[in-house]
Amino acid sequence: EALLGRGTSAAAVALGGSVATVATSSPGVAAVAAVPPGKGEARGDCRREPWEAGSPCAARSLGSSPLSEQLLLLAGAFAVGGVVVVEDQPDVSAVLSAYNQQGDPTLYEEYYSGLKHFIECSLDCHRAELSQLFYPLFVHMYLELVYNQHESEAKSFFERFHGDQECYYQDDLRVLSSLTKKEHMKGNETMLDFRTSKFVLRISRDSYQLLKRHLQEKQNNQIWNIVQEHLYIDIFDGMPRSKQQIDAMVGSLAGEAKREANKAKVFFGLLKEPEFDVPLDDEDEEGENEEGKPKKKKPKKDNVGSKSKKQDPNAPPQNRIPLPELKDSDKLDKVMNMKEAARRVRLGPECLPSICFYTFLNAYQGLTAVDITDDSSMIVGGFADSTVRVWSVTPKKLRSVKTAADLSLIDKESDDVLERIMDEKTASELKILYGHSGPVYGTSFSPDRNYLLSCSEDGTVRLWSLQTFTCLVGYKGHNYPVWDTQFSPYGYYFVSGGHDRVARLWATDHYQPLRIFAGHLADVTCTRFHPNSNYIATGSADRTIRLWDVLNGNCVRIFTGHKGPIHSLAFSPNGRFLATGATDGRVLLWDIGHGLMVGELKGHTDTIYALRFSRDGEILASGSMDNTVRLWDAVKAFEDLETDDFTTATGHINLPENSQDLLLGTYMTKSTPVVHLHFTRRNLLLAAGAYSSQ
Amino acid sequence: FSPGYVTTILDDAKIYSSHAKKSSVDADDVRLAIQCRTDQSFTSPPPRDFLLDIARQKNQTPLPLIKPYSGPRLPPDRYCLTAPNYRLKSLQKKVSSTAGRITVPRLSVGAVSSRPSTPTLGTPSAQTVSVSAKVGAPVSLAGQRFTVQIPSSQPAGKSATPTTPTVQNVLINPSLIGPKNILITTNMVPPGAADPNPLKRKHEDDDDYDAL
């Protein structure tokens with residue numbers, strides 16, 4: 001039996017890095033870990049589970065016949081005997097050495113075309129699934145050639161096969177074509193991550209069996225090696241997927257998401273609002289009693305919180321993460337909110353919102369970020385000249401607190417002391433905040449309107465006071481451009497994401513981040529809090545969206561499907577769904593609880609930079625670089641989801657082609673890309689963008 | 001960008017080759033120059049395994065509890081940008097000192113020199129000695145902040161009212177503002193009240209801006 005472990009495995013798998021794992025869904029059969037005995041310790045994923053009869057190394061040495069399973073089992077056991085530790089972050093040099101010479105470079109083209117031929121000749125139903133193999137194999141083979149410095153072979157390999165790849169991989173291929181030497185590979189972090197992480201493919205069992213049988217028949221098959229090392233094949237039982245289904249879900253830099261990546265329980269419910277009395281105001285009720293009846297001055301009880309006394313099973317416990325207490329000013333704000341909510345227009349397909357567009361003139365294409373307060377009283381713009389400008393949307397001007405000198409002069413006991421501390425002399429519509437040393441890429445108001453955050457290319461996130469209009473803190477942690485930042489819906493916490501591929505959770509009173517969310521393969525371009533503040537969604541340039549748990553920093557969901565970097569995220573107000581927009585012009589809808597894609601909205605032709613649900617979640621508005629705002633029917637998009645166990649087991653559902661039905665309206669601006677969308681408390685849609693003359 | 005970059009690299013390579021006492025610039029020199037420049041200017045974000053590691057460490061600590069009713073929640077003052085980054089010069093004018101210019105009372109800040117008690121006012125000139133002699137004003141230390149109230153040397157003899165600390169005409173050496181937030185204010189009678197040449201005083205301020 002010695003032959004099994006040592007002989008072929010050594011030749012084939014003399015690598016420092018990864019290990020092939022083939023995971024299956026059915027409980028009976030399980031995974032095998034083929035261990036490279038070349039190294040002293042075993043590295044890579046390994047699973048302590050009963051062994052599948054198809055141990056690759058063993059199979060190859062014994063020929064294709066599914067021989068005595070005992071032999072194979074032994075082989076598996078023997079080979080794995082050396083497994084010591086699960087180490088999933090091999091260091092760089094080990095990873096690069098994973099591309100040791102394994103086969104004759106000139107034969108790579110032959111291997112690839114052999115596989116191509118096989119797949120093209122296979123049955124229609126399997127062809128779509130097996131075609132998923134092309135791209136990762138192509139990239140890994142190319143990188144192997146480059147690493148081993150077979151430049152000419154690499155070039156010709158690339159020339160011959162890059163046109164066969166799917167259109168949505170073209171950007172990656174362009175980057176790849178510039179990597180022609182080994183030295184180029186070392187500097188490119190994204191490519192390094194691509195090689196260290198396993199590209200996940202989801203293939204149905206039948207297709208997988210077909211593939212395996214074919215690859216194991218051939219002698220000296222390079223492709224099988226690569227499949228083992230760099231691909232993770234997530235097998236599911238069920239019908240093979242059609243090209244359409246596959247196209248909807250692939251596209252990310254690391255393939256799709258493994259099924260168990262989306263299995264953790266997520267508390268997507270909302271936190272209970274505190275109950276308190278809402279006093280009726282006289283002035284607001286003018287139109288109410290035309291008949292002159294005496295107005296009842298009974299305070300209204302807040303009904304929202306008391307509807308269900310028992311805990312929503314999907315909502316996180318109130319104290320799961322520490323949240324700031326409700327101050328009096330917050331309570332007043334909530335009262336206002338409820339009053340406005342009573343006046344809110346109920347939107348729907350028959351009742352579309354009016355859209356009010358705020359155009360930034362003379363911004364010279366320098367407008368990079370916009371935010372509007374929840375009560376729509378202030379609007380902030382972050383600009384490429386590193387200034388942050390705050391405007392007042394209402395007729396009320398922006399006032400800052402008086403200087404210390406003047407403050408000592410006022411009467412502290414007077415009733416309107418809060419008014420008197422404000423300086424009338426310097427009140428203005430616009431306040432400019434200077435401080436950053438690079439373009440400001442993200443801005444966020446705090447829910448209590450006291451603070452403003454801005455993040456910039458200089459790597460810092462700055463906290464500004466909106467009472468003195470000065471900078472209070474600069475949070476340094478990212479040393480690279482920070483692309484997005486947002487305050488938590490309850491204030492105090494905020495999240496930022498940047499070029500260093502991580503998102504960080506901060507609290508305003510800690511100068512270092514509280515949580516670091518690492519896992520993306522490329523820059524984190526968009527960060528959003530869930531309405532219950534327990535989860536953070538991050539969209540990245542690696543074309544995936546990850547949902548992170550604030551409590552322990554774990555990634556609880558991975559959503560793949562976009563074909564370009566993600567630039568906008570929006571949670572539905574009920575916390576159950578997530579809408580995402582990217583440079584590919586599609587809006588994808590995700591069910592957070594089940595971890596599935598539940599909708600695809602096609603229509604935009606350019607990057608979608610703004611997404612917002614209406615206040616009660618009936619309408620989804622999307623704004624894009626193609627100068628339009630589109631309204632979609634969210635209620636219809638999320639209704640009748642057949643999510644039974646079978647669906648969640650396979651991990652995908654059939655997406656209906658109903659984009660046209662869901663589109664409620666398209667509104668074009670003259671030539672102003674839409675950068676921000678905001679629904680006021682009464683469901684008026686505000687949009688913002690900078691006029692661009694071309 | 002590229003002509004500048006190439007020039008920089010070649011210059012560096014020349015330096016390295018002359019350091020190694022070679023007669024001409026070698027390919028190795030150029031390679032070294034590129035490598036050094038890359039490490040310096042074109043840093044790339046940390047590798048993924050490193051990030052995962054620090055993330056694991058950071059995420060293990062539980063989220064800190066929030067103290068209720070603690071006012072604006074900001075990090076400790078040394079991490080904020082709320083300290084003044086200037087200081088005003090004090091006005092010891094009219095009589096020329098030995099140095100020929102207006103001296104600033106040397107305040108050895110207690111926190112820096114680890115003498116948290118009353119700061120001493122080192123005053124070389126005779127004129128200013130008299131000022132310091134008049135300093136009977138309370139020097140209050142409040143935690144990390146202390147204010148020094150120096151009554152102005154007004155011929156009118158008005159003594160400053162300690163109730164309204166106004167920061168006027170005093171330059172504070174930024175180096176004296178250490179990690180603790182030390183605010184030094186001087187109490188001057190408002191210029192409106194002081195008749196003798198308020199404008200002149202301001203001029204003198206400007207002149208002696210670089211006295212420190």
Side-chain angles (χ1 to χ4, degrees), chain A residues 88-92 95 187-189 192-193 196-197 321-325 327 404-405 408-409 435 450-451 462-463 465 470-476 478-480 491-493 498-502 504-505 507-521 523 550-554, chain B residues 30-31 34-35 37-39 41-85 88 145 147 161-168 183 185 187-188 190-192:
Chain A
D88 42 6
Q89 296 101 30
D91 60 291
V92 171
V95 164
N188 194 328
E189 285 294 331
L192 280 172
D193 285 347
T196 51
S197 56
I321 62 166
L323 289 172
E325 84 281 0
K327 297 206 259 277
S408 53
L409 298 172
N450 288 332
Y451 299 116
R462 280 185 184 244
L463 184 74
S465 161
T470 53
C471 185
L472 296 175
V473 194
Y475 300 94
K476 301 185 184 55
H478 299 275
N479 294 322
Y480 296 93
Y492 182 69
Y493 295 111
H499 177 61
D500 56 356
R501 312 193 306 276
V502 302
R504 288 165 203 251
L505 177 79
T508 52
D509 58 6
H510 289 81
Y511 59 96
Q512 283 184 342
L514 298 175
R515 291 281 180 266
I516 295 184
F517 305 113
H520 276 293
L521 299 180
D523 313 10
V550 164
L551 187 65
N552 46 28
N554 294 338
Chain B
V30 179
R31 219 169 282 138
I34 293 177
Q35 202 184 350
R37 201 42 77 173
T38 318
D39 289 338
S41 327
F42 304 113
T43 49
S44 58
R48 192 153 168 249
D49 45 356
F50 175 74
L51 291 173
L52 287 168
D53 203 23
I54 57 170
R56 209 179 308 135
Q57 274 180 354
K58 225 0 128 166
N59 296 346
Q60 269 162 4
T61 54
L63 290 171
L65 295 171
I66 306 176
K67 278 198 279 272
Y69 311 113
S70 47
R73 297 193 163 104
L74 294 177
D77 285 340
R78 70 192 309 221
Y79 301 106
C80 286
L81 304 169
T82 45
N85 57 356
L88 300 175
R145 306 173 81 93
T147 55
T161 50
T163 51
T164 57
T166 55
V167 183
Q168 292 180 23
L183 185 63
T185 62
N187 224 339
M188 309 290 269

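A note on names: the letters A, B, ... follow the listed sequences, proteins ahead of strands, and every chain is numbered from 1. A quick note: this is a predicted structure, and the numbers were derived from the prediction, not measured.
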- Query: Between B/Tyr79 and A/Val473, which heavy-atom pair has the shortest distance, and what is it?
  - Reply: O-CG1, 3.7 Å
- Query: Measuring heavy-atom distances to chain B, does A/Tyr480 have an atom under 4.5 Å in its side chain, in its backbone, in both, or in neither?
  - Reply: side chain
- Message: Between B/Arg48 and A/Ala518 (side chain of the first, backbone of the second, donor and acceptor by atom type, cut-off under 3.5 Å), is there such a pair?
- Response: no
- Pair A/Ile516-B/Leu51, side-chain contact (heavy atoms from CB on, under 4.5 Å): steps then yes or no: CA-CA 8 Å; A/Ile516 295 184; B/Leu51 291 173; 5.8 Å; no
- Give the member of A/Tyr492, A/Tyr451, A/Tyr475 that has the highest number of heavy-atom pairs under 4.5 Å with chain B. A/Tyr492
- Output all residues satisfying side-chain contact (heavy atoms from CB on, under 4.5 Å) with A/Cys471, sequence neighbours left out; order by chain, then residue number. A/Arg462, A/Trp464, B/Leu81
- Query: So which of A/Gly519, A/Gly474, A/Ala507 has the biggest tally of heavy-atom pairs under 4.5 Å with chain B?
  - Reply: A/Gly519
- Find out whether B/Ile54 and A/Val502 are in side-chain contact, i.e. whether some heavy atom of one side chain is under 4.5 Å from a heavy atom of the other. no
- May I ask you to name which of B/Pro72, B/Ser70, B/Pro64 has the most heavy-atom pairs under 4.5 Å with chain A? B/Pro64
- Task: Select one option (side chain, backbone, both, neither) describing which atoms of A/Lys476 are under 4.5 Å from chain B's heavy atoms.
- Result: neither
- Query: Between B/Pro46 and A/Arg501, what is the shortest heavy-atom contact and its length?
  - Reply: O-NH2, 3.0 Å
- Note: A/Asp500 and B/Pro45 closest approach over all heavy atoms is CA-CB, 3.8 Å
- Message: Quick check on B/Tyr69 against chain A: is it the side chain, the backbone, both or neither that has a heavy atom closer than 4.5 Å?
- Response: both
- Query: Could you give the distance from NZ (B/Lys58) to CG (A/Leu505), rounded to the nearest 0.5 Å?
  - Reply: 11.0 Å
- Task: Taking A/Asn552 for its side chain and B/Asn59 for its backbone only, find out whether a donor-acceptor pair lies under 3.5 Å.
- Result: no
- By ring pair (Phe, Tyr, Trp, His ring centres under 6.0 Å), A/His510 pairs with (sequence neighbours left out) none
- Identify which part of B/Thr38 has an atom lying under 4.5 Å from any heavy atom of chain A, answering side chain, backbone, both or neither. neither
- Item | Heavy-atom contact with chain B under 4.5 Å, split by part of A/His478 | neither
